[in-house]
Amino acid sequence: MKNNKQLPKYFYLQDDVQWVAQQLLGKVIYTSINGLVTGGIIVETEAYNGITDKASHAYGRRFTERTKVMYGEGGVSYVYLCYGIHYLFNVVTGPIDVPQAVLVRGIEPIVGLDYMLKRRNMEVLTPRLSAGPGTLTQALGIAGNFNGKSLSGDDIWIEDVGISLDEQDIVVSTRIGVEYAKEDALLPWRYYIKGNRFVSRK
DNA sequence: TGGGTGATGGACT
DNA sequence: GTCCATCACCCAC
């Protein structure tokens with residue numbers, strides 16, 4: 001499934017996490033698990049801007065077993081367990097020692113729909129399949145074992161399939177669920193494709 | 001070593 | 001709108 005549409009390494013190494021978060025909209029994320037390929041268009045993202053962002057796990061240069069993967073080079077996954085129940089998937093971005101990440105909050109399923117429905121214990125396709133950061137990981141089969149994996153590998157990867165969006169297709173808003181970050185909760189660092197059904201919420 | 005908490009989702013009123 | 005499952009993580013003690 002490797003091909004020349006995979007995002008190149010330099011895409012992830014860009015230093016501007018808000019820019020990368022917007023550029024990831026319209027790209028397609030795939031997983032391949034035991035030979036089963038599933039994938040969907042990224043329709044909603046949030047930027048987490050490293051050591052100065054109070055909503056980021058790396059705020060204040062916090063370096064722990066959990067956060068260390070964000071201090072490596074961009075182009076790998078950061079997966080963590082939230083509320084003891086849900087795995088959330090992030091794209092690590094930026095150069096080494098710059099702990100930025102983009103949270104993926106919604107995908108529009110396009111490949112392996114039957115497998116994704118099965119993983120979600122659903123019969124028919126509705127946005128509940130993969131609108132939301134904890135549901136899309138379940139649909140794609142992403143769990144803790146995906147933490148730190150290369151996004152240019154055979155298990156998980158991201159492609160540019162030629163979907164182009166201009167500014168008027170993208171809605172910018174504040175991030176979800178980060179009230180604890182006080183004034184940083186007001187930063188406009190959430191991005192989603194206007195009108196898409198698989199956005200977690202308006 | 002203990003306890004509060006969280007980048008959520010689903011069920012229910 | 002409300003409630004809460006469920007547990008790794010983190011930091012204060």
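Per chain, numbering begins at 1; letters A, B, ... match sequence-line order.
- At the heavy-atom level, Ser200(A) lies nowhere under 4.0 Å from the strands shown.
- Inter-residue side-chain proximity for Ile158(A) and Tyr12(A) is flagged as met; some heavy-atom pair is nearer than 4.5 Å.
- Taking 4.0 Å as the cut-off between side-chain N and carboxylate O, Asp160(A) and Lys5(A) do not count as a salt-bridged pair.
- Among dG9(B), dA5(C), dC11(C), the nucleotide with an atom closest to any side-chain atom of Ile85(A) is dA5(C).
- Neither OP1 nor OP2 of dT8(B) sits under 4.0 Å from any side-chain N or O of Tyr87(A).
- Listed candidates were dC10(C), dC7(C), dG10(B). Nearest to the side chain of Thr67(A) is dC10(C).
- Ring centroid separation for the pair Phe89(A) and Phe146(A) does not come in under the 6.0 Å cut-off.
- Contact between the side-chain N/O atoms of His57(A) and the OP1/OP2 oxygens of dA7(B) is found at a separation under 4.0 Å.
- One atom, CE of Met122(A), and another, C1' of dG9(B), lie 13 Å apart when rounded to the nearest Å.
- Between the NE2 atom of His86(A) and the P atom of dT5(B) there is a distance of 19 Å, given to the nearest Å.
- Listed pair Arg175(A) / dT8(B) fails the phosphate criterion, with no side-chain N or O lying under 4.0 Å from OP1 or OP2.
- The shortest heavy-atom contact between Gln6(A) and Leu151(A) is OE1-O, 4.4 Å.
- Put simply, OH on Tyr83(A) is 7 Å from P on dG6(B), counting in whole angstrom units.
- To the nearest angstrom, P of dC9(C) lies 9 Å from OH of Tyr78(A).
- Side-chain atoms of Tyr48(A) and Val17(A), non-hydrogen and from C-beta on, never get closer than 4.5 Å to each other.
- Listed nucleotides dG10(B), dA8(C), dA7(B) differ in distance to Cys82(A); the shortest reach to its side chain belongs to dA7(B).
- For the pair Tyr80(A) OH and dT6(C) C1', the interatomic distance rounds to 15 Å; values are reported in whole Å.
- Taking the six-membered ring where the residue is Trp, Trp157(A) and Tyr30(A) present parallel rings, their angle staying beneath 30° rather than reaching 60°.
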**Asked** What dot-bracket string describes DNA chain B from 5' to 3', counting Watson-Crick and G-U wobble pairs whose defining distances are under 3.5 Å, with [ ] for crossing pairs and | for pairs to another strand?
**Response** ||||||.|||||.
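- At the phosphate of dG10(B), OP1 or OP2 sits under 4.0 Å from a side-chain N or O atom of Arg128(A).
- Checking the phosphate oxygens (OP1, OP2) of dC10(C), a side-chain nitrogen or oxygen of Arg66(A) falls inside 4.0 Å.
- Between the C1' atom of dG10(B) and the CG atom of Leu129(A) lies a distance of 15 Å, rounded to the nearest Å.
- When the P atom of dC11(C) is taken as reference, atom CD of Glu65(A) falls 14 Å away, rounded to whole Å.
- Atom CZ of Arg120(A) is separated from atom P of dG9(B) by 8 Å (rounded to the nearest Å).
- At the phosphate of dC10(C), OP1 or OP2 sits under 4.0 Å from a side-chain N or O atom of Thr64(A).
- Residue-level contact check: Leu103(A) touches the bases, meaning some heavy atom is under 4.0 Å from a base atom.
- By the 4.0 Å N-to-carboxylate-O rule, Lys149(A) lies too far from Asp154(A) to be salt-bridged with it.
- Heavy atoms of Arg201(A) sit nowhere under 4.0 angstrom from any nucleic acid atom.
- Residue Leu88(A) is in sugar-phosphate contact alone, with no base atom involved, counting any heavy-atom pair closer than 4.0 Å across all strands shown.
- Shown here are the side-chain hydrogen bond (donor to acceptor under 3.5 Å, both in side chains) partners of Glu108(A), two or more places apart in sequence or in another chain: Asn196(A).
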